[in-house]
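I have placed the structure first, in the form of structure tokens, so that the comments after it can refer back to it.
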Amino acid sequence: MNAGSLITLEGIDGCGKTTQLPAIAEALGQSGRDVLETREPTDGAWGQRIRSMARSGELVAPQEELRWFVEDRREHVEQVIAPALARGQVVVCDRYFLSSVAYQGARGLDWEAILDESERTFPHPDLALIFELSPARALERVRARAGTPEPAFEREPYLERVAAIFAAVERPYVRRIDGSGPPEAVRQAALALLSD
Ligand code: TYD
């Protein structure tokens with residue numbers, strides 16, 4: 001059991017979760033919680049390696065790619081997440097193990113096995129919010145915002161498979177949010193789920 005709580009934001013690239021994170025953290029703070037915002041991939045050594053792989057378009061075997069994300073998460077849990085939970089903080093994490101389930105599962109790995117293994121290894125989220133949006137619309141948003149798309153991850157057929165796995169995951173801690181509306185509507189939906 002965690003002393004604090006772990007809230008994770010999940011969904012395909014462009015789904016809007018990163019836009020909503022500050023609003024979610026702020027609402028939790030206003031209700032008196034001690035909040036820690038964090039994200040994966042992290043800024044640690046594994047996270048940097050992952051980002052440079054994504055930027056360069058370098059193709060890494062799925063099993064190896066999974067290993068990098070798991071090592072990044074192991075470090076993140078040990079150094080950041082577990083101590084914060086032990087202090088009783090509410091940790092709001094932009095991506096967590098469901099991203100490995102969906103993204104590395106979409107590269108052909110057994111996603112149910114990744115989920116089982118993740119749950120054996122890492123603290124479970126108390127709440128995992130999955131922001132749902134069609135890959136076509138999500139990619140429009142990604143292209144519209146500043147910065148270059150990441151070729152290793154942001155391709156439509158691949159994101160279709162990622163979205164299908166996010167849609168298939170059934171766990172008591174998962175709640176889904178329609179990410180297709182304007183940011184204010186999505187924010188209201190997220191806050192309503194949090195107050196539940
Ligand atoms: P993203 O949240 O887009 O980070 P940022 O926008 O801050 O660079 O994450 C980068 C990519 O990593 C994203 O396309 C999803 C992918 N990813 C995985 O494939 N597996 C994982 O376990 C995680 C955490 C992310």
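Atom set for the values below is all heavy atoms of this structure, side chains included, hydrogens, waters and symmetry mates excluded. Read the numbers this way: they start at 1 and go in the same order the structure lists the ligands and their atoms. Numbers here simply count residues along the sequence, with the first being 1.
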Is Ala54 near ligand 1, meaning one of its heavy atoms is under 4.0 Å from it?
-> no
Short N or O distance, Asp94 and ligand 1, threshold 3.5 Å exclusive | no
Between the side chain of Glu10 and the main-chain N/O of Ser99, is any donor-acceptor distance below 3.5 Å?
-> yes
Min side-chain heavy-atom separation Arg161-Tyr103 under 4.5 Å | no
Do any N/O atoms on Glu65 end up under 3.5 angstrom from N/O atoms on ligand 1?
-> no
Start with the C-alpha gap between Val77 and Tyr96, add the side-chain angles, then the distance that decides, and say whether side-chain contact (heavy atoms from CB on, under 4.5 Å) holds.
-> CA-CA 10 Å; Val77 166; Tyr96 190 54; 3.9 Å; yes
Against heavy atoms of Arg39, which atoms of ligand 1 measure under 4.0 Å?
-> 7 (O)
Which ligand 1 atoms does Asp13 reach within 4.0 Å, using its non-hydrogen atoms?
-> 3 (O), 13 (C), 14 (O)
Quick one: does Arg73 get an N or O within less than 3.5 Å of an N or O on ligand 1?
-> yes
Which word best sums up how the rings of His124 and Phe97 line up, parallel for under 30°, tilted for 30 to 60°, or perpendicular for over 60°?
-> perpendicular
Answer side chain, backbone, both or neither: which part of Arg145 comes under 4.0 Å from ligand 1, heavy atoms only.
-> neither
Going by distance only, is there an N or O of Tyr96 that falls short of 3.5 Å from an N or O of ligand 1?
-> no
Ligand-residue contact atoms, ligand 1 with Gln104, heavy atoms, under 4.0 Å | 18 (C), 19 (O), 20 (N), 21 (C), 22 (O)
4.5 Å side-chain heavy-atom contact, Val101 and Val169 | yes
Does Ser118 reach the main-chain N or O of Ile114 with its side chain, forming a donor-acceptor pair under 3.5 Å?
-> yes
Side-chain touch Leu85/Gln89, heavy atoms, less than 4.5 angstrom | no
When you measure from the side chain of Glu37 to the backbone N and O of Ala25, does any donor-acceptor pair fall under 3.5 Å?
-> no
State whether the shortest distance between N or O atoms of Ser100 and N or O atoms of ligand 1 falls below 3.5 angstrom.
-> yes
A student checking ligand 1 against Lys17 at a 4.0 Å heavy-atom cut-off should list atoms 2 (O)
